[in-house]
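Got a structure here, written out as structure tokens. Questions coming.
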2 protein chains.
Amino acid sequence: MAITDTSSFVAERPSSVPARRRPLVLEPLHAAQTCATCSARATSVCNAIEDKDLDRLASTAVSIIVQPGHGFIEEGDTAEHFFNVTSGTVKLFKLLPDGRRQITGFAGIGHFLGLAVSTSYSFSAEAVDPVRICRFSRSKLRVLLDDFPAMEKRLLEVASNELVAAQEQMLLLGRKTARERLASFLMARAGMQTHCGAETKPALREPVSLPMTRGDIADYLGLTIETVSRTLTRLKAERLIDVPNTTDVMLLDPRGLQSLATGLD
Amino acid sequence: MAITDTSSFVAERPSSVPARRRPLVLEPLHAAQTCATCSARATSVCNAIEDKDLDRLASTAVSIIVQPGHGFIEEGDTAEHFFNVTSGTVKLFKLLPDGRRQITGFAGIGHFLGLAVSTSYSFSAEAVDPVRICRFSRSKLRVLLDDFPAMEKRLLEVASNELVAAQEQMLLLGRKTARERLASFLMARAGMQTHCGAETKPALREPVSLPMTRGDIADYLGLTIETVSRTLTRLKAERLIDVPNTTDVMLLDPRGLQSLATGLD
DNA sequence: CGTGCTTTTGAAAATCATCAAGTATAGTGG
DNA sequence: CCACTATACTTGATGATTTTCAAAAGCACG
């Protein structure tokens with residue numbers, strides 16, 4: 001049931017290349033892991049597999065740690081693996097030739113990556129903070145899926161939900177103002193934390209955590225760094241939020257933010 | 001194998017309410033149809049069902065005709081049906097309370113609608129031109145899916161492809177200029193026509209067909225009607241396209257348009 | 001306690017939106 | 001068949017949000 005030590009890896013950080021271009025280097029993990037004790041199982045597609053079958057799942061999986069700024073999926077590369085985030089936050093993005101970047105999503109614990117039908121990835125993925133991911137061979141998983149139709153059903157559910165989220169994001173990118181985009185982003189983050197986080201209580205006094213940079217937020221919301229910064233400053237001046245530090249935001253007026261987010265202003 | 005006459009309908013056009021708000025009215029269709037002869041089967045998820053099982057599929061389906069401007073899915077409504085477009089073009093969209101609209105996609109022949117896991121639709125759908133759709137009961141289809149895992153696999157494929165398209169659209173909405181958006185749109189339309197249309201040959205001299213209004217294009221590309229019109233005028237002045245009439249565009253310089261679309265200016 | 005990076009803030013510029021006519025196009029009824 | 005109306009589209013002038021360019025202020029790390 002345990003993943004063999006030699007099949008677990010850690011991504012190492014090379015030094016001379018800019019972070020985003022650095023190749024992924026792998027090293028053995030010191031501690032072995034199991035699917036049974038996986039912290040992501042509850043929220044991931046793996047919960048479609050029953051306990052008794054977990055060893056089969058584990059045998060196809062490899063655990064990897066990716067350091068902040070390191071990429072582990074590159075758009076256009078041959079898609080040989082599926083990934084499942086077990087901790088940390090991953091940014092998914094597409095680039096234009098001149099460097100313009102659109103982050104299409106932030107994948108947290110339990111998120112499944114690499115669903116493309118195509119033989120190559122249609123997006124890139126990079127760790128925002130230290131990330132643990134579980135890697136599956138595409139071909140092995142395909143066989144596994146034939147034996148576990150429940151998992152295939154789960155994948156369809158996941159894909160459907162992502163499609164809904166993508167459509168919501170299109171509405172944001174195509175039709176919302178900078179203020180509305182930031183409000184939407186903060187409310188979505190807050191909702192994410194209360195639903196998937198360790199805390200099951202409302203946690204109204206808890207700050208919203210922003211592990212990504214302003215640049216990442218800008219590229220996710222279709223804005224510039226400066227506009228993100230200015231807009232946060234303005235929301236703060238209006239007492240809708242407080243920004244104690246770069247990575248935390250207190251939602252002082254969730255209702256006000258919510259109506260801003262939905263365009264009622 | 002034939003759909004019973006009484007389960008086929010035509011949408012009728014009421015007169016006093018603005019098109020978008022008019023309720024859908026149904027009338028019996030005069031001619032019966034079959035899944036076996038369905039023009040959309042080749043390009044739809046239904047091709048996962050073998051010929052011998054087609055009658056089971058047909059028994060769960062209802063054929064509907066929707067007139068231009070009529071909606072048949074309303075965001076927030078209880079999701080009781082799945083739909084499959086068999087001819088015509090459907091626009092899918094989300095609205096903000098003040099009327100701002102984002103069209104998330106145009107669904108043509110073979111497109112499957114209503115994949116949401118939720119009990120209610122997350123988007124609205126409206127006919128662009130006269131549309132024929134095949135309607136399935138959600139509950140019936142769920143049972144059908146258990147018997148035909150191949151169809152479930154197809155649905156996952158479809159959902160994955162839509163996800164890829166959605167991410168591409170996010171890149172467009174978040175990071176491309178108006179010119180790049182129009183170029184991307186035209187090239188995507190052209191590709192769609194050559195891949196799914198009746199003509200299998202390149203058809204370079206064929207015009208790109210735009211059954212939707214400038215307003216629809218604007219709401220799809222996150223622009224205004226005026227910007228769409230001006231940008232098309234400019235692309236025409238630059239000899240990249242010709243616009244013989246409102247609904248057709250000739251791609252005079254496909255390569256130039258392609259590099260514009262991908263951000264290589 | 002510098003050094004380098006991220007973030008914030010300011011001023012100027014630009015793209016796109018808004019407001020406002022004016023021009024086609026299609027459908028209707030005389 | 002043609003005027004008439006409604007709708008869609010185009011074009012022009014103005015304006016605003018956001019971007020770009022620039023620089024200062026925070027913060028983290030050695």
Side-chain angles (χ1 to χ4, degrees), chain A residues 13 15 18-20 67-69 91 96 98-102 128-129 172-183 210-237 241-249 260 263 265, chain B residues 13 15-16 18-20 67-69 91 96 98-102 128-130 172-183 210-237 241-249 260 263 265:
Chain A
R13 183 160 200 149
S15 50
R20 277 177 196 161
Q67 293 306 323
K91 54 189 174 197
L96 287 172
D98 63 0
R100 278 175 287 174
R101 182 180 63 158
Q102 180 63 38
V128 167
D129 46 20
L172 179 149
L173 292 169
R175 289 298 178 225
K176 290 186 184 178
T177 66
R179 267 162 66 78
E180 290 164 353
R181 291 180 202 202
L182 259 303
L210 305 178
M212 68 292 291
T213 67
R214 296 287 185 268
D216 288 340
I217 298 173
D219 284 350
Y220 180 56
L221 300 179
L223 301 170
T224 59
I225 292 179
E226 295 92 327
T227 300
V228 169
S229 181
R230 269 188 261 270
T231 305
L232 286 176
T233 301
R234 184 169 158 207
L235 292 176
K236 183 179 175 181
I241 62 173
D242 190 26
V243 189
N245 60 67
T246 304
T247 57
D248 289 299
V249 173
L260 227 189
D265 216 16
Chain B
R13 182 158 198 150
S15 51
S16 56
R20 278 179 195 160
Q67 293 305 323
K91 54 189 174 198
L96 288 172
D98 64 359
R100 278 175 287 174
R101 181 180 66 157
Q102 179 64 37
V128 167
D129 45 20
L172 179 149
L173 292 170
R175 289 295 177 230
K176 289 185 183 176
T177 66
R179 267 162 64 79
E180 291 164 352
R181 291 181 203 201
L182 260 304
L210 305 178
M212 67 293 292
T213 68
R214 296 286 185 269
D216 288 340
I217 298 173
D219 284 351
Y220 180 57
L221 300 179
L223 302 169
T224 59
I225 293 178
E226 294 92 329
T227 299
V228 168
S229 181
R230 269 188 261 270
T231 304
L232 286 176
T233 301
R234 186 172 157 203
L235 292 177
K236 183 179 176 181
I241 62 172
D242 189 26
V243 189
N245 60 67
T246 305
T247 57
D248 289 299
V249 174
L260 226 190
D265 223 9

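Throughout, protein chains are lettered first and strands after them, A, B, ... in sequence-line order, and every chain is numbered starting at 1. Just so it is clear, the model here is predicted, and its values are computed rather than measured.
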(Q) Starting the side chain at C-beta, find the nucleotide from D:dT18, D:dT10, C:dA11 nearest to B:I225. (A)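 That would be D:dT10.
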Q) Are the side chains of B:D219 and B:M212 in touch, meaning some heavy atoms are under 4.5 Å apart? A)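 When only atoms from C-beta onward are counted, B:M212 and B:D219 do not touch, as no gap falls below 4.5 Å.
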Q: Assign each of B:N245 and A:V228 to its nearest nucleotide of DNA chain C by heavy atoms, then name whichever residue's nucleotide is nearer the 5' end.
A: A:V228
Q.
Just the rounded figure in Å: distance from P of C:dC16 to CD of B:E180.
A. 9 Å
Q | Residue pair B:L223 / B:T231, side-chain heavy-atom distance below 4.5 Å | A | no
Q. Taking for each residue the nucleotide of DNA chain D with the nearest heavy atom, is it A:P244 or B:L232 whose nucleotide lies nearer the 5' end?
A.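 Residue closer to the 5' terminus by nearest nucleotide: B:L232.
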Q | Atom pair distance, as rounded to whole Å: CG in B:L221 and P in C:dC16 | A |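 Result: 12 Å.
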Q.
Without decimals, in angstroms, what is the distance between B:L223 CG and D:dT10 P?
A. 14 Å
Q. Considering only D:dT11, C:dG10, C:dC16, which nucleotide approaches the side chain of B:E226 most closely?
A.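 When the side chain of B:E226 is considered, D:dT11 is the closest of D:dT11, C:dG10, C:dC16.
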Q: Send over the distance from B:L210 CG to D:dC9 C1', rounded to a whole Å.
A: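 One finds 13 Å between C1' of D:dC9 and CG of B:L210, rounded.
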Q) For A:R179 and D:dT17, what is the distance between atoms CZ and C1' respectively, to the nearest whole Å? A)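 Interatomic distance, CZ of A:R179 to C1' of D:dT17: 13 Å.
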Q | Under-4.0 Å side-chain N/O to phosphate OP1/OP2 contact, B:T227 with C:dA17 | A | yes
Q. Could you state the CG-C1' distance from A:D219 to D:dT19, rounded to the nearest angstrom?
A.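 Distance check: A:D219 CG to D:dT19 C1' gives 14 Å.
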Q.
What contact category does B:S229 fall into here, base, sugar-phosphate, or nothing, at under 4.0 angstrom with non-hydrogen atoms?
A. base
Q) Are the side chains of A:L96 and B:K176 in touch, meaning some heavy atoms are under 4.5 Å apart? A) yes
(Q) Can you tell me if B:T224 touches the phosphate of C:dC16, counting only side-chain N or O atoms and a distance under 4.0 Å to OP1 or OP2? (A) no
Q | Any B:T213 side-chain heavy atom under 4.5 Å of B:K91 side chain | A | no
Q.
Does D:dT10 have its OP1 or OP2 closer than 4.0 Å to a side-chain nitrogen or oxygen of B:R214?
A.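 Checking B:R214 against D:dT10: at least one side-chain N or O falls below 4.0 Å of OP1 or OP2.
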Q: With the side chain of A:T233 defined as its heavy atoms from C-beta on, choose the nearest nucleotide among C:dA20, D:dC9, C:dT9.
A: C:dT9
Q) Which comes earlier along DNA chain C counting from the 5' end, the contact point of A:R175 or that of A:G215, where each point is its nearest nucleotide? A)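 Nearest nucleotide further toward 5': that of A:G215.
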**Q.** Interatomic distance, B:R230 CZ vs D:dG12 C1' [rounded to whole Å]
**A.** 7 Å
**Q.** Check: D:dT10 base within 3.5 Å donor-acceptor of B:R234 side chain
**A.** no
Q | Shortest side-chain distance from B:A178, nucleotide among C:dG10, C:dC16, D:dT18 | A | C:dC16
Q.
In the structure I gave you, are the side-chain heavy atoms of A:E180 and A:L172 within less than 4.5 Å of one another anywhere?
A.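 A:E180 does not reach A:L172 side chain to side chain.
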Q. What integer distance in Å separates B:L173:CG from C:dT15:P?
A.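 Those two atoms, CG and P, are 19 Å apart.
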